[in-house]
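A quick write-up on the structure given underneath.
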Amino acid sequence: MRSHLYILKVAIPVPVYRLFDYLPPLDLDPKTLKPGIRLTVPFGKGQKTAFLIGIDSNSEVLSAKLKRIEAVLDERPLLSDRDLSLLHWAARYYHHPLGEVFSAAFPVALRQGKPATIKAEKFYVLTEKGRLLNPEQLRRAPKQQQLLYQLQTERDAVPASRLNAILENWRPAAKALQDKQLLRLEGAAANATTHLTFNSQLHPNPLQQEAIEQVVCALSRFEVFLLEGVTGSGKTEVYMQVIRSVLERGLQVLVLLPEITLTPQLEQRFRQRFAVPITVSHSKLTDIQRQQAWLGMQRGDYAIMLGTRSALFTPLARPGLIILDEEHDASFKQQEGFRFSARDVAVVRGKLLNVPVLLGTATPSLESVYNVEQGRYRLLHLTERAGNAAPPKMLLLDIRNKRMQEGLSESLIAEMHKTLAKNEQVLLFLNRRGFAPTLICHGCGWVARCRRCEANMVVHYDESLLRCHHCGSEQRLLPQCPECETGQLTPLGLGTERVEKALAQLFPGRSVIRLDRDTTQRKGVLEDALDRINRGEVDIVLGTQMLAKGHHFPNVTLVVMLEVDSGLFSIDFHASEKLAQMIVQVSGRAGRAEKPGRVILQTRKPDHPLLTTLIKEGYGRFARSALAERRLAELPPYSFQALLRVEATDSAAPLQFFEQLMQAVEPNRTVRMLGPVPAPMSRRAGRYRYQLLLQSATRPELHRFLDKLMPLIAGLKLTRKVRWSLDVDPVDLY
DNA sequence: AGCACGCCGACT
DNA sequence: GTCGGCGTGCTC
């Protein structure tokens, strides 16, 4: 055997827990190939983009089967050694194939093997003539006028990406201005935005100051901070002042947010404060835009990136700080494929990069509260609202035996009238869209069910149809019961559409706006609605989830949660934590500025300890008592879980799969196996679903068990008949 | 995940 | 006699 043989160990994005061996290209010295570079390799019938993991001198594979690398795509790795080890860690921790983990770290364009080159961005700058022109002279070309006006307010040349962010369809106008010699194009070099300028910052209150100083003192090393501050306590100001210190050191900042809808607001505030290159990354951008943002951070062209979960792996030329806002938010957990928690991976990344990680929220996850108790995270508590805003007053409204009109009790209606009479706004929260969640036959008891799911169809009157919220299937809304053909069909229960109609009746002359997935599908609708609300053109705002996140309604002084009880008795132990967070987050929409806000929770369980603790003693106390319950029940974070989900169109296959697996697996005293049991929604989109929950008192024991389990699963014949997935640290047991 | 190979039913 | 169903196995 020749010892100077070079074998490239390569990870390929296929669901296989194994690396593949290739021969090095003939025209390159294999020693120059560094782990992390992208390669094009022949694979099966076609080609794939692969990632070099390492170089070895031998292979387990018969040399006749070895193929040669087709092309080397990168001269040097795009990820640092530390980021590469992060990916190795993540693959081990989440028991996910390395190639798919690598793939998740790269933007789509680079996964497809596109060259890692940055297009020189075009910058727009006004000519002398353009700077002096009165925009009024372009009255007849509003687009051009708008663009000219915008550019006149800017000091530097403006990159196309920034114009994209603030104006729609500005390119034809730019062309026209160019033709009129008012505007010219510049290359990137002319725009050296390396000088830092900071626009006026606010004066932090003592608590903010304390928080800022603590993080700033730790800027050169790893530490995790939990910035806990009620809505309105000025977390963003803390972020910005810490970021300023990072920028002054010439380092970069990665800011992660749970949702795209929150990026524009924060982006705008950052751009007003910092005259540094800022970029964003989220799923609404094109593949090329995301690639440019990713590479721009990698090269160090940008100082700040704002992004969603998938931006977590963006390489940083000069890492300085990772911020993760709304750390409690479940959307940081990827729910398919590589099921990583962006929060947990961010912490590990911070450790590897030796930079601080700042987690912010008004309602910390129980895991983070626990980590503070354990001394792993440092708590920065903003207890006061910035300025002089009073905290909202919360009260439980007992609706047992009360007369209700479409979900609204009489005393609630009275309170709403009072608020409206003062010319203030009301916000109603109901986390269920559609008209009614159930359609029942008054005659025979028949209920409209989804044919493909273990679920009821939801009535959507506006569209005159029944829709399943789990698989999206639709049926025409029937005039009569299909079963007894005589009975009258009655919608049962409450959805936003129904409440909207009731509000129109109960509050004639008042303008009501409904914001849920159904009404905000079209682009820009939500933004328009938010503007209208803040201009005072709306009296009553009604909506779902999407109201709970981030948006501020200064003139809302009454927040109502119509149905709080459905979250109280879920089988998933995470439900109470989520409900408490939701209540506090929704409450945070009220009582900004000088007007004190009130929150009314309609409930039939006014004595429920979750509600009473939360309302009387606050979220912090709730969290501590919820943690105490978790400890007694030996639930996370006092134990460690992984959930094996299996689904198949054949109803018997999942259990057969588990049967085979249980026969192959060695019983283990340290890991409890709970199940297999039908999933809480036992059939969804035509697939039968089962799950097995694995739980252990220590993480190493759980992971040792999973290390043995995964090859067994891969070896089962039935893996082709079922879809299976492993979820480490599941947050959604559904 | 793709994709080919391979062995059993209704058709030019 | 063939086209094609999806069960099974492999990809260096």
Side-chain angles (χ1 to χ4, degrees), chain A residues 1-2 4-26 28 30 33 35-73 87-88 90-91 94-106 108-113 287 310 334-340 644-661 664 685-688 710-727:
Chain A
M1 170 130 300
R2 281 159 41 212
H4 51 274
L5 194 65
Y6 292 99
I7 301 292
L8 308 191
K9 304 282 174 185
V10 147
I12 301 176
V14 286
V16 170
Y17 287 82
R18 159 169 52 102
L19 299 179
F20 292 89
D21 295 353
Y22 284 87
L23 297 170
L26 290 168
L28 279 171
L33 303 177
I37 58 167
R38 296 172 305 141
L39 309 161
T40 304
V41 297
F43 188 74
K45 257 271 188 166
Q47 288 183 345
K48 280 235 143 63
T49 303
F51 305 93
L52 181 62
I53 300 305
I55 299 181
D56 205 339
S57 55
N58 51 50
S59 171
E60 313 266 279
V61 181
L62 287 170
S63 55
K65 285 176 78 179
L66 290 178
K67 291 181 186 169
R68 201 170 287 283
I69 295 296
E70 198 110 344
V72 173
L73 296 173
L87 299 185
H88 282 272
Y94 290 104
H95 297 268
H96 201 76
L98 189 59
E100 295 197 331
V101 171
F102 264 74
S103 188
F106 286 80
V108 172
L110 293 177
R111 274 179 227 170
Q112 291 168 346
D287 289 348
S310 56
Q334 178 128 17
Q335 289 294 10
E336 63 208 345
F338 171 31
R339 295 170 178 257
F340 68 99
L644 180 60
R645 296 185 175 85
V646 176
E647 56 174 59
T649 44
D650 173 358
S651 64
L655 279 178
Q656 283 167 10
F657 173 94
F658 276 120
E659 222 167 90
Q660 288 183 12
L661 184 62
R687 319 186 87 88
Y688 294 86
M710 301 314 281
L712 293 177
I713 294 174
L716 291 183
K717 287 224 165 32
L718 272 163
T719 44
R720 296 316 299 257
K721 264 187 93 174
V722 303
R723 278 193 199 168
W724 66 271
S725 68
L726 183 77
D727 194 343

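The basis for the numbers below is simple: all heavy atoms, side chains too, and nothing from hydrogens, waters or symmetry mates. Note that this is a predicted model, so its numbers are computed, not measured. Quick note on labels: first sequence line is chain A, next is B, and so on, each numbered from 1.
Relative ring orientation between A:Phe43 and A:Phe20 is described as perpendicular, the plane-to-plane angle rising above 60° on a 0-90° scale split at 30° and 60°. Taking the six-membered ring where tryptophan is involved, the planes of A:Phe340 and A:Phe338 are tilted, since the angle between them lies from 30° to 60°.
Between C:dC12, B:dG2, B:dA1, one nucleotide has an atom nearer to the side chain of A:Val14 than all others, and that is B:dA1. Among C:dT11, B:dC3, C:dC12, the nucleotide with an atom closest to any side-chain atom of A:Asp21 is C:dC12. With distances taken from any side-chain atom of A:Arg18 to the nucleotides C:dT11, C:dC10, B:dA1, the minimum falls on C:dT11.
Between the CG atom of A:Leu66 and the C1' atom of C:dT11 there is a distance of 13 Å, rounded to whole Å. Rounded to an integer number of Å, the gap from CZ of A:Arg723 to C1' of B:dG2 is 15 Å. Atom pair A:Asp56:CG and C:dC12:C1' shows a separation of 14 Å (rounding to whole Å applied). Rounded to whole Å, atom P of C:dC12 lies 12 Å from atom CD of A:Gln47. Note: NZ (A:Lys48) to C1' (B:dA1) measures 7 Å, nearest angstrom. The distance from atom CZ of A:Arg720 to atom C1' of B:dC3 is 10 Å, rounded to the nearest whole Å. In this structure, CG of A:Leu716 is placed 14 Å from C1' of C:dT8, rounded to the nearest angstrom. Between A:Leu718 atom CG and C:dC6 atom P the separation is 17 Å, expressed in whole Å.
At most 12 non-hydrogen atoms from other residues, nucleotides or ligands lie less than 6.0 angstrom from CZ of A:Arg723.
The shortest side-chain heavy-atom distance between A:Arg339 and A:Leu726 does not fall under the 4.5 Å cut-off.
Counting any heavy atom pair closer than 4.0 Å across all strands shown, A:Tyr22 reaches sugar-phosphate atoms only and no base atom. As judged by a 4.0 angstrom heavy-atom cut-off over every strand, A:Pro13 is placed among residues making no nucleic acid contact. Within the 4.0 angstrom heavy-atom criterion, base atoms lie near A:Val16.
Between A:Lys717 and the phosphate of C:dG7, there is no side-chain N or O to OP1/OP2 separation shorter than 4.0 Å.
Along DNA chain B, the nucleotide nearest to A:Glu100 and the one nearest to A:Lys45 differ in position, and the one closer to the 5' end is contacted by A:Glu100.
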**Prompt:** Where do A:Asp727 and A:Gln335 land on the side-chain contact (heavy atoms from CB on, under 4.5 Å) test, with the steps shown first?
**Reply:** CA-CA 8 Å; A:Asp727 194 343; A:Gln335 289 294 10; 4.0 Å; yes

